[in-house]
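Computed over heavy atoms, backbone and side chain alike; hydrogens, waters and symmetry mates excluded. As the structure lists them, so they are numbered: ligands from 1, and atoms in each ligand from 1.
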Amino acid sequence: ASTLGDAAAERGRYFGTAVAANRLGESDYTATLNREFNSVTAENEMKWDALEPSRGSFSYGNADRIVNHARAQGMDVRGHTLVWHSQLPGWVSGLGANDLRSAMNHHITQVMQHWRGQIHSWDVVNEAFQDGSSGARRPSPFQDRLGNGFIEEAFRTARAADPNAKLCYNDYNTDAINAKSNAVYAMVRDFKQRGVPIDCVGFQSHFNSGNPVPGDFRQNLQRFADLGVDVQITELDIEGSGTTQANHYRTVVEACLAVSRCTGITVWGVTDKYSWRSGGTPLLFDGNYNKKPAYDAVLTALGGT
Ligand code: G3I
């Protein structure tokens with residue numbers, strides 16, 4: 001195999017990227033996307049502020065452009081994200097508990113039914129835990145007004161809305177075994193024990209010199225997989241350049257391949273020039289869509305040439 005998607009497919013995995021709808025008209029962007037990747041995540045277009053900017057009024061246009069492009073290319077789609085404290089429209093934050101509960105469930109149901117059967121995995125809840133040593137929940141309108149049960153409620157609502165979608169919990173700084181990942185682990189174990197529907201855990205994997213690829217990354221993925229969920233690397237990017245960056249990317253791919261329930265990898269953008277890390281070079285293609293050493297390392301690690 002000579003592309004990331006084909007090489008990953010031969011290993012029984014997908015290899016995806018985040019996509020921005022307003023870049024699809026750029027021919028080099030779309031050519032690289034279509035050639036290399038077999039799964040996409042909307043970088044911003046499926047977030048609450050984009051899909052339901054005012055209560056009960058849904059705007060699917062930009063996200064539909066991504067989904068339609070992916071389907072026309074035979075790519076899978078990851079849904080990102082239904083319940084998150086960020087990119088949340090102001091009207092949600094102003095609601096009282098009962099209203100917020102029904103708004104959350106309505107949002108999940110409407111959005112998932114819009115793409116029912118077309119999205120392989122949904123990030124149902126994103127980033128609900130705090131950084132640091134507490135293992136506590138992050139303050140948010142959902143946490144503050146609905147309490148710990150909001151995550152369980154969101155997953156139950158999601159299962160009913162699209163029974164064929166894999167339902168994921170997604171977070172960052174959970175890539176190592178640490179207080180935050182321990183807290184997520186305890187939640188997933190509890191959900192599995194009590195029959196709360198959850199199918200996968202997403203590890204964002206935004207790495208840089210201050211947050212390097214952890215030495216226990218594979219071990220951490222494995223302990224979640226051992227709970228009976230799939231694991232996915234959902235927003236991979238690694239600051240740096242050259243051989244050092246390439247080696248870090250290789251480590252991540254090898255970790256996923258070593259865990260049979262690691263079903264796929266998504267990098268958080270096609271080209272360095274549109275990375276959310278402004279001025280950074282964390283991705284596999286440079287600003288001119290040239291393959292970087294990191295690209296070669298990933299392709300080789302996947303078994304491609
Ligand atoms: O669309 C508006 C545009 O109309 C406006 O003129 C412009 C001015 O600032 O802003 C544009 O919105 C920006 C949006 O990206 C689209 O480009 C927002 O300001 C900007 O905040 C937003 O950043 C996104 C960020 O999430 C927001 O939290 C990044 O693109 C996106 O890559 C990033 O992705 C997150 C994941 O969803 C969750 N995990 C972390 C990851 C990286 O932060």
Side-chain angles (χ1 to χ4, degrees), residues 16-26 29 33 37 39-54 59-67 77-90 92-93 107-108 111 119 121-132 137-143 151 154 167-176 180-181 184 200-211 213 231-240 252 264-285 287:
T17 180
V19 166
N22 63 0
R23 306 295 181 195
L24 289 173
E26 185 181 324
Y29 181 93
L33 167 66
F37 298 97
S39 174
V40 298
T41 306
E43 188 172 358
N44 288 293
E45 293 80 350
M46 290 190 189
K47 295 171 180 176
W48 197 320
D49 62 350
L51 291 183
E52 193 185 5
S54 58
S59 61
Y60 292 110
N62 285 331
D64 275 338
R65 287 173 59 201
I66 293 176
V67 173
V77 181
R78 286 196 89 257
H80 175 80
T81 175
L82 293 164
V83 181
W84 187 27
H85 66 277
S86 182
Q87 288 173 285
L88 194 59
V92 178
S93 319
H107 182 80
I108 293 169
V111 170
I119 296 203
S121 305
W122 263 108
D123 291 332
V124 178
V125 175
N126 194 43
E127 301 175 6
F129 286 83
Q130 287 185 34
D131 294 320
R137 295 292 188 85
R138 179 194 295 278
S140 73
F142 308 104
Q143 181 67 34
I151 301 184
L167 307 181
C168 306
Y169 176 78
N170 190 52
D171 215 326
Y172 68 91
N173 283 352
T174 49
D175 316 294
K180 189 174 178 181
S181 68
V184 176
C200 38
V201 176
F203 298 83
Q204 293 185 11
S205 306
H206 293 291
F207 297 124
N208 53 53
S209 55
N211 181 39
V213 182
V231 296
Q232 302 173 353
I233 295 169
T234 53
E235 305 182 13
L236 177 63
D237 55 14
I238 308 176
E239 265 298 9
V252 171
I265 299 173
T266 299
V267 291
W268 204 240
V270 176
T271 162
D272 283 342
K273 76 174 161 175
Y274 298 140
S275 168
W276 70 286
R277 301 179 187 262
S278 54
T281 58
L283 295 168
L284 302 178
F285 293 88

Rounding to 0.5 Å, atoms CD1 (Ile119) and NE2 (His80) come to a distance of 12.0 Å
* Asked: Would you say atom 5 (C) of ligand 1 touches the protein, meaning some protein heavy atom is under 4.0 Å from it?
  -> no
Look at the side chain of Ser140 and the backbone N and O of Gln143, then say whether any donor-acceptor pair between them is shorter than 3.5 Å. yes
Closest to atom 34 (O) of ligand 1 by heavy-atom distance, out of Trp276, Tyr274, Trp268, Trp84, is Trp268
Report task. Consider only side-chain N and O atoms of Ser121 and Gln232, and report whether a donor and an acceptor are under 3.5 Å apart. Result -> yes
Within 4.0 Å of some non-hydrogen atom of Glu127, the atoms of ligand 1 are 38 (C), 39 (N), 40 (C)
In ligand 1, the atoms that come under 4.0 Å of a heavy atom of Gln204 are 39 (N), 40 (C)
Could you check whether atom 32 (O) of ligand 1 has a protein contact, counting only heavy atoms that fall below 4.0 angstrom? yes
- prompt: Do protein heavy atoms approach atom 8 (C) of ligand 1 to less than 4.0 Å?
  reply: no
Checklist line | Minimum side-chain heavy-atom gap Met46-Val77 below 4.5 Å | finding: yes
Q. With no hydrogens and no angle check, is any side-chain donor or acceptor of Lys47 less than 3.5 Å from a backbone partner on Ala42?
A. no
Closest heavy-atom approach to atom 26 (O) of ligand 1 among Arg277, Glu235, Lys47 is made by Lys47
Asn211 side chain to Asn173 backbone, donor-acceptor under 3.5 Å: no
One finds that the ligand 1 atoms under 4.0 Å from a non-hydrogen atom of His206 are 40 (C), 41 (C)
Check: of Asp49, Thr41, Asn44, Asp237, min heavy-atom distance to atom 15 (O) of ligand 1 comes from Asn44
Evaluate the 4.0 Å heavy atom contact test for atom 21 (O) of ligand 1: does a protein atom fall under the cut-off?
no
Next on the checklist: When you measure from the side chain of Thr174 to the backbone of Phe203, do you find a donor-acceptor pair of N or O atoms at a distance under 3.5 Å?
Outcome noted: no
query: Measuring to protein heavy atoms, does anything land under 4.0 Å from atom 42 (C) of ligand 1?
result: yes
Value for CD (Glu43) from CH2 (Trp268), rounded to nearest 0.5 Å, stands at 6.0 Å
Check: Does some non-hydrogen atom of the protein lie less than 4.0 angstrom from atom 29 (C) of ligand 1?
Finding: yes
Check: Have Ser205 and Asp175 got a donor and an acceptor in their side chains that come within less than 3.5 Å?
Finding: yes
In ligand 1, the atoms that come under 4.0 Å of a heavy atom of Gln87 are 25 (C), 26 (O), 27 (C), 28 (O)
From atom 37 (O) of ligand 1, is the closest protein heavy-atom distance below 4.0 Å? yes
Strictly less than 4.0 Å: does any protein heavy-atom distance to atom 11 (C) of ligand 1 fall in that range? no
query: So do Phe37 and Thr266 actually touch side chain to side chain, heavy atoms under 4.5 Å?
result: no
